[in-house]
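Counting begins at 1 with the first residue of the sequence. If you're wondering where the values come from, they're calculated on a predicted model, not measured in any experiment.
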Amino acid sequence: CDGCTGTGDVEMVRRARLIQPRMQPDAIPAINGPKGPLPWGQLTFAHTSDTHGWLMGHVKEENYGADWGDYVSFIRHMRYKARKLGVDFLVVDSGDLHDGAGLSDATAKLGGVNGEVSLPIFQNLDYDLLTIGNHELYVADVAFDVFENFAKFYRSRYLTSNVQIMDPKDGKFKYIGRTHKYFTTYFGVRIMAFGVLFDFTSNANNSKIIKAKDMVQQQWFLDAINTPEPVDLFLVLGHNSVRSSTSTFPVIREAIRKVRPDTPIQFFGGHSHTRDFKVYDNSSTALEPGRYCETVGWFAMSGIEAGTGKHKPAGVPTPSRPAVNGTTSYLSYARRYIDWNRLSFEYHSDNVRTFDTPRGESVTDEIWDERHRLNLTNLYGCAPQTYCLSCAPQTSELSIYPLVQKALSAVIVNEERKDIPRMVFVNTGGFRFDLLKGPFTYDDSFIVAPFTNAFQYIPNVPYAAAAKLLDLLNNGAPQKRDMDRKHRSFIPSSVDACPLDGAQFNSGLVKRKTIIRRQEIVTPGYVTKDDFGIDGDDTPHSAIPFFRTTNDIMAKGGFPTDGSTPETVDVVFYDFIRNYVLTALAKAGENYTTADVEYYMPPTFTSNDFLPEYAKRFWSKDC
Ligand SMILES: Nc1ccn([C@@H]2O[C@H](COP(=O)(O)O)[C@@H](O)[C@H]2O)c(=O)n1
Ligand SMILES: [Zn+2]
Ligand SMILES: [Zn+2]
């Protein structure tokens, strides 16, 4: 497995970069590319959300294979193009920068803070506006780092209208970023912007989230929406799904509409990891740009009666439809979901002779140096097949969940209680990405299961109650984001098998400054249906099937081999779902409290550790 170790990796990186330009065409990976030029409007936006540390891009999927340096170069070209076209171009992000990849998460394992390497790399992008996600707030140290460093870096551009942190210097709660920003664009559009997190409640104690319904009553908000200054557009950035029932965007919209019935309101959402576009009314729409550096959300609007920007810039497609189909409006809109790869980025930069800007190149170099320094390519074992999160029913052997159950049964064993039967309950929301065939590395351990949830247990629970627990948990409160519309893939009924197979992709162990070429066939990927229809995907794809999962799954261990049922069992679970387990046990007639809960495994052995342990024990190292 050449290149599997850290040192080998760097050697290969350097070599790969040198030889790339002379690669034979057959060696150049192929994906199908953009269907045509992007729309540009009076105001045009590039939007990211839920990047979750994937700044390296998807090293095993060419389709999403660009890295953060490539995105930095892309945005530089787009800013230049916007000026040439005579339109305003704003770059925005809706949060969730942590938990999901080695580059963000490995530093916490080394005793540092999650994000201490990835956030400074992220900061190479000159965002116009950003807001905070719930993954910036689960852990007190992470929240404080965001307050102390990230928010100070972006200053008035980091909007956290309803999120505060306790400043240890004086013990007072303060906004992490700014509550709002009033500004005028280059071409003269006057914007009032907010950044609103959904009503998140699992935050660390040092932070506070003000519910949207309370925020809209606060004096600063009322002053902002009633400002005597002219406002041409309200811009609401939010880590907030654009569609789910838990979204608080409607609350914000109603509050603004009460005092400004005619001013356009544009929302940029996140959190549900979906490509989506929602129409609220004829002057109010919302975009959501997916997850994990798979998508750049692209949005263009024209018709605002302000400024000197062009409403129909020459030589490019322009926004052409009202928000509500069949009506007439002075505003017109367009949206596109761009695949995160160099083919797309280069194409939309008009195939400039040198795509890579010096800043972009240095960001790429930094990412690869850090990847090496953090040992992210260290190998645990070779996955014999691809195990997917949602491309197959959760009981199918193609799904990751039977593998998780096997690994939990084998690895989650307390030596002192190994002969006592145990039932291990974990939430499916803790698994974040497919485990791809081939090398399963330190980086992949974060990609698949980034959280550090501890294994806790209640000893000697009557089996009769424990046996009811899984059904009670799965019929109880949801334990993850609203999955209702998570994958809005438009799936032809003929697709019934999981087309993903790690063998198709590069090993991910060597740097590939990929020169990709177009292919005629269509690669599997997003097939998005939103309020504007089915033409949003910049690169057409064949659909990947999507199957929902239950809240939780359960694995057994140490049960009698003769098939008899034990009197009592140890009920083991992630600390993240402890309260759900206690509630469900009460429903099963067994009242326990947190005082009955103990650690089953050492608290340092977490949900991020059991799959690597399984891979080390049971998978070959010869990929
Ligand atoms: N310690 C944790 C924290 C979160 N989760 C899961 O992540 C979901 C939230 O992720 P988003 O990217 O959608 O904000 C949450 O609902 C849990 O399912 C976890 O398992 N453990
Ligand atoms: Zn997220
Ligand atoms: Zn989120």
| request: Not counting sequence neighbours, which residues clear side chain to side chain contact (heavy atoms under 4.5 Å, CB included) with Glu116? List them please. | output: Thr107, Val113
| query | Does one side chain, of Glu288 or Ser272, offer a donor that lies under 3.5 Å from an acceptor on the other? | reply | yes
| Between Trp54 and Phe433, does the ring centroid distance fall short of 6.0 Å? | yes
| said: Using the ring centroid of each side chain, check whether Tyr380 and Trp619 are separated by less than 6.0 Å. | reply: no
| query | Restricting to pairs with a member in residues 442-451, which pass salt bridge (Lys or Arg N to Asp or Glu O under 4.0 Å), not counting sequence neighbours? | reply | Lys60-Asp444, Arg371-Asp443
| task | State, yes or no, whether a side-chain contact exists between Tyr387 and Lys437 at a heavy-atom distance under 4.5 Å. | result | no
| note | Across all chains, not counting sequence neighbours, the salt bridge (charged side-chain N to carboxylate O under 4.0 Å, His left out) partners of Glu415 are Lys418
| Testing Thr386, Leu389, Leu403 for side-chain contact (heavy atoms from CB on, under 4.5 Å) with Leu435, which one passes? | Leu403
| query | Without hydrogens or angle criteria, can the side chains of Ser207 and Gln164 be said to hold a donor-acceptor pair below 3.5 Å? | reply | no
| query | Can you name the salt bridge (charged side-chain N to carboxylate O under 4.0 Å, His left out) partners of Glu590, sequence neighbours left out? | reply | none
| So, for Tyr154 and Phe150, is the gap between ring centers shorter than 6.0 Å? | yes
| said: Please tell me whether Trp368 and His372 form a close aromatic pair, meaning their ring centres lie under 6.0 Å apart. | reply: no
| Backbone N/O of Ser409 and side chain of Arg422: donor-acceptor pair under 3.5 Å | yes
| Centroid-to-centroid, Tyr600 to Tyr457, below 6.0 Å? | yes
| query | Does a donor on one side chain and an acceptor on the other come within less than 3.5 Å for Tyr337 and Asp530? | reply | yes
| note | Sorted by chain and number, sequence neighbours left out, side chain to side chain contact (heavy atoms under 4.5 Å, CB included) with Glu397 holds for Pro402, Lys406
| Between Phe198 and His271, does the ring centre distance come in under 6.0 Å? | yes
| Would Tyr127 and Thr48 count as having a side-chain donor-acceptor pair, cut-off 3.5 Å? | yes
| said: With side-chain hydrogen bond (donor to acceptor under 3.5 Å, both in side chains) as the test, pick out the partner of Asp99 among Asn608, Asn134, Asn114, Thr452. | reply: Asn114
| Side chain Thr441, main chain Thr377, donor-acceptor under 3.5 Å | no
| request: Please check if any side-chain donor atom of His47 sits under 3.5 Å from a side-chain acceptor atom of Asp93, or the reverse. | output: no
| task | For residues Phe200 and Tyr138, establish whether the separation of their ring centroids is below 6.0 Å. | result | yes
| Test item: Gln394 side-chain N/O and Thr550 main-chain N/O as donor-acceptor pair under 3.5 Å | yes
| request: Using the test salt bridge (charged side-chain N to carboxylate O under 4.0 Å, His left out), find all partners of Asp570 that sit at least two apart in sequence or belong to another chain. | output: Arg417
| query | With ring centroids as reference points, do His52 and Tyr292 lie under 6.0 angstrom apart? | reply | yes
